[in-house]
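What follows is a set of notes on a single structure, which appears directly below.
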Amino acid sequence: MASITLEDIGKIYPDGTRAVGSVNLFVEDGEFLVLVGPSGCGKSTVLRMIAGLEDISEGKLSIGDRVVNDVPPKDRDIAMVFQNYALYPHMTVYDNMAFGLKLRKMPKDEIDRRVKEAAEVLEITEFLDRKPKALSGGQRQRVAMGRAIVREPAAFLMDEPLSNLDAKLRVQMRTELGRLHQRLKTTTVYVTHDQVEAMTLGHRVAVLRAVSQKRPYNLQQVAPPTELFNNPANLFVAGFIGSPAMNMIYGELSADGEGRVHASFAGHRVYVEKAAIDGHPGIEDYYGKQIVIGMRPGAFEDARVVSGHHADRTIRVMTDVNELLGSESYVHFMLDSPPVITPDIEELLADEGTEPEALGDKSQFTARVSADVPVPDGTEVDLVVDTSKLHFFDVDSSEKIGYSPKA
């Protein structure tokens, strides 16, 4: 096993297009790090540079203590698992798993030991004599994993290995991947566009976004999953991490003569608990100014199931659609405030030739509430806001106000 270090790594194609800019990452020995982000954000390019399948235009890449910028892929001591399995259709499962070891002229008894041990770990021993066409998608993915495991590499690189599987099988394979890493403890860099996959698998998660003229860097935040969710560095991370996505609205904070802070938005005014203020050092400088207020769906609850005094944290809304999901419901409603348009969204709209006004004058909100009390579509309901969980962002920079990484 080995650590992986990326220092100011960049990728510029011959036509001048920048795909990756100034990525700095340190993957600890034995860590499971996930690269996540939307399509086109450069995450697969970063992975391919680590593997040696893409040339590095800028920066330094080290595996362990060795700089590998110019080292061929076969000499980097890594094993890659691809999205499309990349199995040889004419070979049996055993031969697919053993192929790389045979190329290295490893003794037959050692090859046999490694293949059978990996097959046992992955529970595919009974399929060793079959060919890939006789296997299901999940079984083929296990074979692809087995081919990587028998190498006993310093690191695994995985490029969206579960994206070809159906939803149920993805959940099952996700669990198996986590269990496999606990057993092998091999350094792993895993690429996905699925933020649920990222949050459930990664020891830490690196959130990336596409570079632009105004922002020549990809990496937005690197942190454990819980910190990404509870302490997002900016509006992009806040909106990308979490399902359903964080609700965002323009608003304003103010303090009364007794030092109590209130948030005003879309005609509503709620008391803000001290925990939210303490989580945003320097927020006092923004009192009376427009900010973006972020509220996760889980920050709401139906007032009918909340005990105690909560009138100063309650908003009345007209429901649009209610999605019942067993023990909880997603209540969708609109608020009278234009959608939040960050500088990045404004840039995208400009590229599309779309005026911001075309997005309308209302913001779509989602609340995740208990299903104990029915919430019919098209009815008024009082929602209690857990204001200790509010997030506040600077309108111009999109950065979280007072952000600092948690220790």
Side-chain angles (χ1 to χ4, degrees), residues 166-168 170-172 174-175 178 194-201 224-232 237-251 260-279 292-337 339-340 362-392:
D166 63 51
K168 182 178 180 180
R170 285 184 76 157
V171 173
Q172 179 185 337
R174 213 164 58 208
T175 304
D194 184 336
Q195 55 99 3
V196 175
E197 210 166 272
M199 297 288 278
T200 53
L201 279 174
T226 52
E227 182 176 343
L228 288 180
F229 188 84
N230 295 319
N231 188 33
V237 177
F240 189 81
I241 297 297
S243 181
M246 179 184 287
N247 303 294
M248 299 175 188
I249 197 165
Y250 292 113
R260 288 166 56 90
V261 179
H262 291 82
S264 301
F265 55 90
H268 300 283
R269 185 172 182 266
V270 295
Y271 163 68
V272 180
E273 295 183 47
K274 186 174 182 295
I277 301 301
D278 291 345
V292 174
I293 301 175
M295 313 176 202
R296 294 216 177 270
F300 298 92
E301 187 51 274
D302 191 323
R304 292 171 293 179
V305 300
V306 179
S307 59
H309 174 73
H310 46 70
D312 57 355
R313 295 182 291 114
T314 300
I315 63 174
R316 176 164 293 180
V317 303
M318 176 66 72
T319 64
D320 184 13
V321 176
N322 175 35
E323 296 179 290
L324 181 60
L325 300 173
S327 62
E328 61 186 19
S329 294
Y330 290 158
V331 176
H332 302 278
F333 56 95
M334 306 292 286
L335 290 181
D336 291 323
S337 179
V340 171
K362 292 181 180 292
S363 293
Q364 175 74 55
F365 261 57
T366 301
R368 188 179 68 227
V369 302
S370 168
D372 292 344
V373 181
V375 183
D377 297 349
T379 59
E380 283 192 335
V381 63
D382 288 333
L383 296 177
V384 179
V385 185
D386 183 350
T387 57
S388 68
K389 297 178 180 178
L390 296 186
H391 301 266
F392 308 124

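Just so you know, these numbers use all the heavy atoms, side chains as well, and skip hydrogens, waters and symmetry mates.
Between Y271 and H262, the ring-plane angle classifies as perpendicular under the 30° and 60° cut-offs.
Closest approach of A275 and S388 over heavy atoms only: CB-CB, 3.9 Å. In terms of heavy atoms, R296 sits closest to F229 at CD-CZ, 3.0 Å. The heavy-atom pair separating I293 from G251 by the smallest distance is CD1-CA, 3.9 Å. Taking each heavy atom of G308 and H310 in turn, the nearest pair found is O-CD2, 3.1 Å. The two atoms that bring K389 and G298 nearest to each other are NZ-O, 4.3 Å, heavy atoms only. The minimum heavy-atom distance linking D278 with K274 is given by the pair OD2-NZ, 2.6 Å.
The distance from the CE atom of M199 to the CG atom of L228 is 6.0 Å, given to the nearest 0.5 Å. In this structure, CE in M318 is found 12.5 Å from CG in L335, a value given to the nearest 0.5 Å. Taking NE2 of H332 as the reference point, atom CD of E323 lies at 3.5 Å (rounded to 0.5 Å). Between D386 atom CG and R313 atom CZ the span is 6.5 Å, to the nearest 0.5 Å.
Residues meeting the side-chain contact (heavy atoms from CB on, under 4.5 Å) test with R368, sequence neighbours left out: P297, E328, Y330.
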Pairs under 3.5 angstrom only: tabulate donor-acceptor contacts from the side chains of residues 241-249 to other protein residues two or more places apart or in another chain.
from : atom 1 : to   : atom 2 : distance (Å)
N247 : OD1    : T366 : N      : 2.8
N247 : ND2    : M295 : O      : 3.0
N247 : ND2    : T366 : O      : 2.8

Please tabulate, for the side chains in residues 371-380, all donor-acceptor contacts under 3.5 angstrom to protein atoms that are two or more places apart in sequence or on a different chain.
from : atom 1 : to   : atom 2 : distance (Å)
D372 : OD2    : S370 : OG     : 3.2
D377 : OD1    : N322 : N      : 2.8
T379 : OG1    : P376 : O      : 2.8

From CA spacing to verdict: side-chain contact (heavy atoms from CB on, under 4.5 Å), D194, R170 = CA-CA 11 Å; D194 184 336; R170 285 184 76 157; 3.5 Å; yes
Audit row: V292, Y250, side-chain contact (heavy atoms from CB on, under 4.5 Å) steps and yes/no = CA-CA 5 Å; V292 174; Y250 292 113; 4.0 Å; yes
side-chain contact (heavy atoms from CB on, under 4.5 Å) between L383 and F333, intermediate numbers included | CA-CA 11 Å; L383 296 177; F333 56 95; 3.6 Å; yes
Verdict with reasoning, R260 to D312, per side-chain contact (heavy atoms from CB on, under 4.5 Å) | CA-CA 11 Å; R260 288 166 56 90; D312 57 355; 3.3 Å; yes
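Between the side chain of T387 and the backbone N or O of E273, at least one donor-acceptor pair lies under 3.5 Å. Side chain of N230 to backbone of T226: a donor-acceptor contact under 3.5 angstrom is found.
When side chains are defined from C-beta on, F300 counts as touching I315, because their heavy atoms get closer than 4.5 Å.
Between K168 and D166, none of the side-chain N atoms (NZ, or NE/NH1/NH2) sits under 4.0 Å from a carboxylate O, so this pair counts as no salt bridge.
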